[in-house]
Trainee: 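My questions will all concern the structure given below.
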Amino acid sequence: MDITEFDKVIDRTQMNSVKWNRYPSDVIPMWVADMDFDSPTCIKSAIQKRVEEGVLGYTKIPESLNKTIIQHCHNAYHWNVQANQLIHLPGLVCALHLAVRALTSQNDTVIVPGPVYYHLTKAPELADRNLESIPLIIENDRWVINEAKLEAACASKTAKMIMLCNPHNPGGTVYRKEELEKIHALAEKHNLIIVSDEIHCDLILDDQQHTPIASLNSDAAQRTITLMSPSKTYNVAGLGYAFAVIANDELRKQFNNARQCVIPEPNLLGLAAAEAAYKDGEEWRQRLIGYLRNNREIIKKSLLNSPLKMISSEATYLAWIDASELHLDDPYRFFLEAGVGISAGADFGNSQFIRLNFGCTKSTLEQAMMRISEAVSTLKR
Ligand SMILES: Cc1ncc(COP(=O)(O)O)c(C=O)c1O
């Protein structure tokens, strides 16, 4: 498999890139979950074709997009989704916040395993709900949910919702079917709604299968809001598109009522990109996975004898690295001063960690890892 296309260095500094225009030009940006790769040809062609139609007015959701998503869910996750269960959205973050606001009330508790992508905790916080964070722990070299703590939290009288991130950002965990079954059993026992952010589900690097929690059984389907998007996998976050699958009529009605007139419809180029990605992007995705696996190896090798410790990400292009052995007040700032702009672990719930985005060219990654090693070697230990 030829994966050299991902070696191409693209200057993003002139593109108003959130990632590349945050820091001075001598800092290598390895933060926000956005890759430095060219978009797949199938997506660029689909967008160009749509633009050439000329008229860019209000647009209906194409029936062909529904069919494509249904087919994709069936082929990729053996999951049967119906067209009427789909809700198309201009992004995934708004859906996290909307789900909390529409489906829980003021004194309800939202349970969130973490450290986690910050909008899962921000959603209950901003909506003034009770937030119960459940710590992830390391077991057999994976970040997993502390089951006893989850069980206790679910048993609370005010518990109403569990928010999952699967695959997990930043820990990279691909939850196994049995793990999801345990989470679902607790949700069923205590009648909780599950919101499952599965935005990274097509970025599995290990030999694992993604299981949407909603696909476990009919009860799981009836209590889950599943959120997915091609944006991370196909690097089209700037096009603003995501979708929700809500099988339960009442939950879907409540979610839709809160959405209408507040959250706009997705834009037509996002729709075109999503359809092209799921229909024609599979070969590109396979090559991408090959490239990301190699990048993950580069990080592993570079950290082999380092005080920086990493659990290998099973999925995503994000490495969650423990910097606690460096005994620094602010590892994020330390590496920024060394010329690497990584994400601060504090943003996800642990300031002694850093999150490094390896969705970049091998040459950029090697340079960043060199700067990280050199910076670490200057510390007295
Ligand atoms: C877990 C997770 N959910 C949601 C998002 C963002 O979704 P969107 O850009 O569609 O709002 C990200 C982006 O990094 C993410 O990692």
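Just so we're clear, the structure is a prediction, and the values are computed from it rather than from any experiment. The figures here come from the full heavy-atom set of this structure, side chains too, leaving out hydrogens, waters and symmetry mates. When a ligand or atom number is given, it counts from 1 through the structure's own listing order.
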Trainee: Mark yes or no for whether Lys19, through its side chain, and Asp34, through its backbone, hold a donor-acceptor pair below 3.5 Å.
Mentor: yes

Trainee: Is a donor on one side and an acceptor on the other found under 3.5 Å between the side chain of Thr211 and the backbone of Lys177?
Mentor: no

Trainee: Tyr175 vs His168 aromatic rings, parallel, tilted or perpendicular, using cut-offs 30° and 60°?
Mentor: perpendicular

Trainee: Salt-bridge test for Arg142 and Asp206: reply yes if a basic N is under 4.0 Å from a carboxylate O, no otherwise.
Mentor: no

Trainee: With the threshold set at 4.0 Å, does a side-chain nitrogen-carboxylate oxygen contact exist between Glu265 and Arg259?
Mentor: yes

Trainee: Do Thr226 and Thr224 have side-chain N/O donor and acceptor atoms under 3.5 Å apart?
Mentor: no

Trainee: What does the N/O contact table under 3.5 Å look like for ligand 1?
Mentor:
residue	atom	partner	partner atom	Å
ligand 1	3 (N)	Asp197	OD2	2.6
ligand 1	10 (O)	Leu92	N	2.8
ligand 1	11 (O)	Leu92	N	3.2
ligand 1	11 (O)	Val93	N	3.0
ligand 1	14 (O)	Lys232	NZ	3.0
ligand 1	16 (O)	Asn169	ND2	2.8
ligand 1	16 (O)	His200	NE2	2.9

